[in-house]
Colleague: 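Before I ask anything, here is the structure I am working with.
Small disclaimer: the values here were computed from a predicted structure and weren't measured. A, B, ... follow the sequence lines: proteins, then strands. Residue 1 opens every chain.
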2 protein chains.
Amino acid sequence: MIRADLLVTDVAEVATLAAGAVPRRGTAMGELGLVRDAAIAVAGGRIAWIGPARRRSREVRLRSGGRAVSAGGGAVVPGFVDAHTHVLFAGDRAFELPLKVAGASYAEIARRGGGLYATVRATRAASDRTLLAETAARIRRMARHGTTTVEVKSGYALDVPGELRLLRLIPRLAGEVGLAVVPTFLGAHAVPPEHAGRPDAYIDRLVRLALPTIARERLARFCDVFCEPGFFSPAQSERLLRAALELGLGAKVHAEEFVRSGGARLAARLGATSADHLLASTAGDRRALAVAGVTAVLLPLTAYTSSPAGRIPGREMVDAGVAVALGTDCSPNSWVESMPLVLAHAVHRGRMTPSEALTAATVNAAHAIGLPGVGTLQAGGSADFSVFPFASVEQLGYRFDALPEAVYRQGNPVFSRRLRE
Amino acid sequence: MIRADLLVTDVAEVATLAAGAVPRRGTAMGELGLVRDAAIAVAGGRIAWIGPARRRSREVRLRSGGRAVSAGGGAVVPGFVDAHTHVLFAGDRAFELPLKVAGASYAEIARRGGGLYATVRATRAASDRTLLAETAARIRRMARHGTTTVEVKSGYALDVPGELRLLRLIPRLAGEVGLAVVPTFLGAHAVPPEHAGRPDAYIDRLVRLALPTIARERLARFCDVFCEPGFFSPAQSERLLRAALELGLGAKVHAEEFVRSGGARLAARLGATSADHLLASTAGDRRALAVAGVTAVLLPLTAYTSSPAGRIPGREMVDAGVAVALGTDCSPNSWVESMPLVLAHAVHRGRMTPSEALTAATVNAAHAIGLPGVGTLQAGGSADFSVFPFASVEQLGYRFDALPEAVYRQGNPVFSRRLRE
């Protein structure tokens, strides 16, 4: 008999994603491992048991002092994993919107104090306390939308001490918000103003001065690079990522966002963990990613804000056998905190089924940030899950703004509205 | 000295929209009537005073037993007015999405049990209790996103007794959710299956059998019609709307959504209160709407789900001097409850400034549903407002998924997260 600290009853449907990250041989991205009329038992912050409600009383007992809550006939899904964010920054860029609406070009917006370098200036100038407070508030709101694991990139300092400062803030952030946070070093987010026209010199500094410290102090799990004309070339990106891989970091590439520049092929060649954006990728790129087992992280809201049609190659990636993951890409350029909104865009502008989008937002997203087992609900795994106020998980990806009633991380509520005890 | 029941302090910025619905001579749609470092006093469910915090203690006193709450340095805006919804229905159509993703045509989806008539079948079959429960849950979630006034259309019964049943449910709905609800008769949402090929006969029935009862029992404020090829012609629409106008109802038209069919000109000719959708409208249509003083109700999420680019003619309407309002168009075809999401789409796909979008979602939306004074915050007006966790209202339209911390209707919290007392 299993003893539970927490028992969630009256679950109309739970998506366990128990098959693990897909695609793998014999598994489709739409297989959710559904259990209907279910109950979920948690012990010590981990899933202790999950199965049909009718078997629960024979197999699980609530320990004295434990809590039972009703999901009220709702659906339970693993906590969302947001596989790509630039959430660590100061300030905002709302002031750009009237300029954009009036037809100002990116160059003109930059001249008037906007663009990525505006956020670099604000982030460099911000105190640790401000950065932590603003970023923690964003991540807490992400949790209100059902997210329990967040990848967080550095990248708005663009100098070695500043980037190290950002990475050192991330564990404090994680402690403050109570979610799982995975740090990624994106010193190569753009060429800093101080190195304008000399990207190689900046890559040199990152390789010589930043990466060794990051590896030694384990400040990041991944090294990422913006591989795009005007940012870093495939050769520059490769030099940085090879150095990172040698030091034991995983590799990620911002690839083919605006034009096809070779980032996806580079990711495949290096065995990167993920290639991200991919709006301008080709069928050949998709084959290369599939063969190399690189996860495609698609970012539908960024496509929405930056491209006229807002299409993402979701269907194409799935059909090519590429593992697809999703992220908000939350940044001052596209301020999005809600993974349910990301799922809806993936369905409507990526032609993914709701089930595929849910896989992409949970188990596959965890796979894309090096967390096997996360994004699933199985005995032994972390009890990270959300309760939604509808009976079927297929409502995610259909409703644009589904809000969970409660969100649990390691068996504790990080957000809860009114589950009955 | 004013005596307040409720005092909201520490308001970084409040948008009063005190100039009223725009455009009017000398007023631009982006003028928000901002008060910075403000306080708001409520008495008897109405705004009693609103002004700079430094003047508050001289002019307002909290009556004994009254409450003071801090907005925590957040921004306050009028409760959103959702000017166009089909929120009164049963069931959902999530099952259509995998078919759509696979490329099924509208006709094929209908053959497989989907489309508008699927919702008609579900709504006809649903009990009053089910319809009330499902719809009230949707409207309550709308309030969590900051909406305090909702237009609700009938239209999923498509027979006279069924449509009257839906209209009679609306006041009960309003009582249940505690928001302001404005009922619109949309018996002419589509040609019912029983009248296939005979739309004139159905319009006859609506004119003879439905409208007199609706007018006598005051079941609806407006009569609306879907004027589009395959639905109702301009001549059929005109016949219905003239009969409604003669009985004292206001007129609305679903116009130029898919193709240009003359609905906007009809709205202008009849002096309708609003023309809605308007994706295929022309410059001439816009001039006609401006001259006739018809409000254009734009529905960005429906444009997003139904058209490749998802563009709405926001900028074009504002520049032509048309009053623009916004709505979710929440329906089983495009399930959207969040007005902040609608604002963001209006900015990104309608080239409206955030200030114009806020005007369109408050005072202009109220104007579009016959509620002058609503959607503003002024002494004497209903105390319907939301507190957002950021210092400037310009964040609305910029952040995709802004969630309010608290929402008040007639001075009472309909949703509140954690305002400090």
Side-chain angles (χ1 to χ4, degrees), chain A residues 30 92-103 137-138 141-142 144-145 301 304-305 308-311 314-315 318 328 330 332 334-342 344-345 347-357 389-390 392-403 415 417, chain B residues 30 92-103 137-138 141-142 144-145 301 304-306 308-311 314-315 328 330 332 334-342 344-345 347-357 389-390 392-403 415 417:
Chain A
D92 68 76
R93 302 217 304 270
F95 70 93
E96 293 178 2
L97 284 178
L99 301 173
K100 284 183 184 170
V101 161
R138 277 185 281 276
R141 287 191 300 260
M142 288 173 160
R144 283 174 73 185
H145 293 282
L301 270 295
Y304 172 83
T305 48
R311 286 265 302 121
R315 179 84 266 125
V318 173
T328 57
C330 182
S334 176
W335 192 311
V336 185
E337 295 163 355
S338 160
M339 284 296 286
L341 180 61
V342 170
H345 275 252
V347 170
H348 285 95
R349 283 293 186 270
R351 290 177 54 226
M352 297 172 72
T353 66
S355 298
E356 289 166 347
F390 36 71
S392 165
V393 300
E394 75 176 350
Q395 299 289 312
L396 292 165
Y398 169 60
R399 305 187 187 192
F400 278 86
D401 37 28
L403 284 173
F415 166 69
R417 224 164 70 83
Chain B
D92 68 77
R93 303 215 305 268
F95 70 92
E96 292 179 1
L97 284 179
L99 301 173
K100 284 183 184 170
V101 162
R138 275 186 282 277
R141 287 190 300 262
M142 288 172 160
R144 284 175 72 186
H145 293 283
L301 270 294
Y304 172 83
T305 50
S306 68
R311 286 265 302 121
R315 180 85 265 125
T328 57
C330 183
S334 177
W335 190 311
V336 185
E337 295 163 355
S338 161
M339 284 295 286
L341 180 61
V342 169
H345 275 252
V347 170
H348 284 95
R349 283 293 187 269
R351 290 177 54 226
M352 296 172 73
T353 66
S355 298
E356 289 166 348
F390 36 71
S392 166
V393 301
E394 74 176 351
Q395 299 290 311
L396 292 166
Y398 169 59
R399 306 187 186 193
F400 278 86
D401 37 29
L403 285 173
F415 165 70
R417 223 164 70 83

Colleague: Specify the closest pair of heavy atoms between A/Thr328 and A/Val336, including all atoms of both residues, with the distance to one decimal.
Modeller: CB-O, 3.4 Å
Colleague: Give, as side chain, backbone, both or neither, the part of A/Pro308 having an atom under 4.5 angstrom from any heavy atom of chain B.
Modeller: backbone
Colleague: If the plane angle is over 60° it's perpendicular, under 30° parallel, otherwise tilted; pick one for B/His345 and A/His345.
Modeller: tilted
Colleague: Under a 4.5 Å heavy-atom cut-off, does chain B meet the side chain of A/Tyr304, its backbone, both or neither?
Modeller: both
Colleague: Mind ranking A/Thr353, A/Asp92, A/Leu301 by heavy-atom pairs under 4.5 Å with chain B and telling me who comes out on top?
Modeller: A/Asp92
Colleague: Which residue out of B/Ala137, B/Pro332, B/Gly314 racks up the most heavy-atom pairs below 4.5 Å with chain A?
Modeller: B/Pro332
Colleague: Could you list the residues that satisfy salt bridge (charged side-chain N to carboxylate O under 4.0 Å, His left out) with B/Arg138, not counting sequence neighbours?
Modeller: none
Colleague: Can you tell me which portion of B/Arg311 sits under 4.5 Å from chain A's heavy atoms? Options are side chain, backbone, both or neither.
Modeller: neither
Colleague: What part of A/His145 lies closer than 4.5 angstrom to a heavy atom of chain B: side chain, backbone, both or neither?
Modeller: side chain
Colleague: Among A/Ser338, A/Gly103, A/Ala309, who wins on heavy-atom pairs under 4.5 Å with chain B?
Modeller: A/Ser338
Colleague: Rounded to the nearest 0.5 Å, how far does CG of B/Asp401 lie from CG of A/Asp401?
Modeller: 10.0 Å
Colleague: If you count heavy-atom pairs within less than 4.5 Å of chain B, which of A/Arg349, A/Arg93, A/Lys100, A/His348 leads?
Modeller: A/Arg349
Colleague: Go through the steps for A/Tyr398 and B/Trp335 under the test ring pair (Phe, Tyr, Trp, His ring centres under 6.0 Å), then give the verdict.
Modeller: CA-CA 7 Å; A/Tyr398 169 60; B/Trp335 190 311; 5.7 Å; yes
Colleague: If you count heavy-atom pairs under 4.5 Å between each of B/Val347, B/Leu97, B/Leu99 and chain A, which one has the most?
Modeller: B/Leu97
Colleague: Only counting residues at least two apart or in another chain, list the ones meeting salt bridge (charged side-chain N to carboxylate O under 4.0 Å, His left out) with A/Arg315.
Modeller: A/Asp319, A/Glu356
Colleague: Can you find a heavy atom in the side chain of B/Phe390 that is under 4.5 Å from one in the side chain of B/Arg399?
Modeller: yes
